[in-house]
2 protein chains.
Amino acid sequence: MFRGIFHNSIDDKGRMSIPARFRDQIQNNHTTPLVLTLGFDQCLFLYPSDTWQKIEEKLSSMDSLNSEVRQFQRTVMKATDEVEMDQQGRIVISPVLRKEAGIAKNVVIVGLLNRVEIWDKQKYESYHAQTSQTLELMGQKLSDKGIQDINF
Amino acid sequence: MFRGIFHNSIDDKGRMSIPARFRDQIQNNHTTPLVLTLGFDQCLFLYPSDTWQKIEEKLSSMDSLNSEVRQFQRTVMKATDEVEMDQQGRIVISPVLRKEAGIAKNVVIVGLLNRVEIWDKQKYESYHAQTSQTLELMGQKLSDKGIQDINF
DNA sequence: AGGAACTTCAGCACTTTTCCCCACTTTCCA
DNA sequence: TGGAAAGTGGGGAAAAGTGCTGAAGTTCCT
């Protein structure tokens with residue numbers, strides 16, 4: 001599982017350093033190449049390829065006679081890219097993905113369970129500003145909806 | 001289980017000594033690295049990674065197509081960090097976490113069952129000042145609400 | 001078709017931050 | 001009261017991150 005938050009930047013050539021901790025983790029516990037895809041809420045999801053493969057399998061198993069499923073599949077795969085780390089541990093983020101995610105120069109990189117999320121710094125801040133509720137309150141809402149609670 | 005209360009301080013580099021008793025306990029009964037996260041009531045929760053892993057598994061199993069679930073996951077992981085003890089038994093608390101928990105220099109470290117809590121000294125004192133009821137009264141309240149009692 | 005210029009990519013090197021080790025002070029216990 | 005262990009502070013080395021330079025491939029123009 002990926003944990004922690006990092007503030008990095010993207011150079012003129014669209015390259016971004018993967019935080020060293022994630023780098024090691026990927027090399028020790030996962031397979032390369034990495035898969036970069038446009039995720040929810042206008043940020044990028046970065047997966048090791050073995051993790052991504054499971055998601056693709058699920059995508060494949062969805063009912064493709066359903067037009068909403070087809071649309072979902074196409075929209076996901078449209079914005080999915082394979083990336084390799086260079087010797088300095090950097091990846092290139094394509095102009096398309098950068099644009100889709102509104103990424104300028106400064107990014108926030110967050111370890112989020114089985115994936116790494118890459119956010120434009122400003123977008124990240126406004127996301128969390130909008131959703132600034134206490135953890136207690138969020139937990140309560142989920143609990144009210146019948147979503148299983150978590151005991152800390 | 002962690003027990004006891006300690007008063008330590010944080011140096012200019014954001015380092016804090018783990019009380020020796022907890023240190024030994026972690027090394028004997030648990031796995032490193034440690035996981036530090038913003039908990040309830042503005043204090044930090046410190047878990048051995050094996051304990052934390054169970055929480056992460058629950059988080060992972062939630063439905064990530066639901067935007068409120070994503071928000072909850074992100075809010076938890078946003079303020080979650082992996083930390084290693086140095087040879088002196090200290091951990092580094094990141095500026096982000098220090099800010100979120102309002103930690104200045106003096107901290108109170110409390111063993112709380114399966115976790116260790118780290119409080120800013122002032123916050124700790126005002127928390128207990130506000131909630132200064134007798135134990136008998138608290139127990140009565142819980143009992144009245146139908147929350148299972150504890151037999152001492 | 002050859003050459004030049006531009007674009008693209010990768011490696012190198014510098015700077016900043018982080019980590020690690022050593023030494024000092026304080027507290028606790030015998 | 002002395003010794004040991006715990007906690008604190010600072011300095012140096014290593015690594016992480018980022019900008020820069022150089023090489024290679026491609027395209028366009030003559």
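Naming: A, B, ... by sequence-line order, numbering from 1 per chain.
The CE-C1' distance, from B:M85 to C:dC19, rounds to 16 Å in whole Å. The interatomic distance linking B:E84 (CD) with C:dC20 (C1') rounds to 13 Å, in whole Å. Atom CG of B:N106 is separated from atom P of D:dT8 by 9 Å (rounded to the nearest Å). Per the geometry, NE2 belonging to A:H7 stands 19 Å off P belonging to D:dA16, to the nearest Å. Between the NZ atom of A:K13 and the P atom of D:dA23 there is a distance of 14 Å, rounded to whole Å. Rounded to an integer number of Å, the gap from CD of B:E82 to P of C:dT18 is 16 Å. Across the protein-nucleic acid pair, B:I91 atom CD1 and D:dG7 atom P stand 13 Å apart, rounded to whole Å. Going from atom CG of A:D11 over to atom C1' of C:dC9 covers 11 Å, rounded to whole Å.
Contact check, B:K105 against D:dT8: no side-chain N or O comes under 4.0 Å of OP1 or OP2. At the phosphate of C:dC20, neither OP1 nor OP2 sits under 4.0 Å from any side-chain N or O atom of B:Q87.
Comparing B:P19 and A:I10 by the nucleotide of DNA chain D that holds the closest heavy atom to each, the one mapping nearer the 5' end is B:P19. Where A:V92 and A:R21 meet DNA chain C, the nucleotide closest to each residue was compared, and A:V92 sits on the side nearer the 5' end.
Between the side chain of A:E117 and the backbone N or O of A:L44, no donor-acceptor pair lies under 3.5 Å. No donor-acceptor pair closer than 3.5 Å links the side chain of A:S17 to the backbone N or O of A:R90.
For A:Q88, the listed nucleotide lying nearest its side chain is C:dG11; candidates were D:dG7, D:dT8, C:dG11. Minimum atom distance to the side chain of A:S9 is reached by D:dT18, of the listed C:dG11, D:dG9, D:dT18. Of the listed nucleotides (C:dC9, D:dT18, D:dG10), D:dT18 has the atom at the smallest distance from the side chain of A:N8. Comparing D:dG7, D:dA16, C:dC22 by their closest approach to the side chain of B:R90 singles out C:dC22. Across D:dG19, D:dG10, D:dG9, the shortest atom-to-atom separation from the side chain of B:D12 is found for D:dG10.
A donor and an acceptor atom sit less than 3.5 Å apart, one in the side chain of B:R15 and one in the base of D:dG10.
Between A:R21 and B:D81 there is a salt bridge, since at least one side-chain N of the basic residue sits less than 4.0 Å from a carboxylate O of the acidic one. Using a 4.0 Å cut-off between charged nitrogen and carboxylate oxygen, A:E56 and A:K58 do not count as a salt-bridge pair.
Nucleic acid contact for A:I18: sugar-phosphate only, since backbone atoms but no base atoms lie under 4.0 Å from a heavy atom of the residue.
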task = Please test A:I118 against A:F45 for side-chain contact (heavy atoms from CB on, under 4.5 Å), starting from the C-alpha separation and ending with a verdict.
result = CA-CA 6 Å; A:I118 302 166; A:F45 291 176; over 6 Å; no

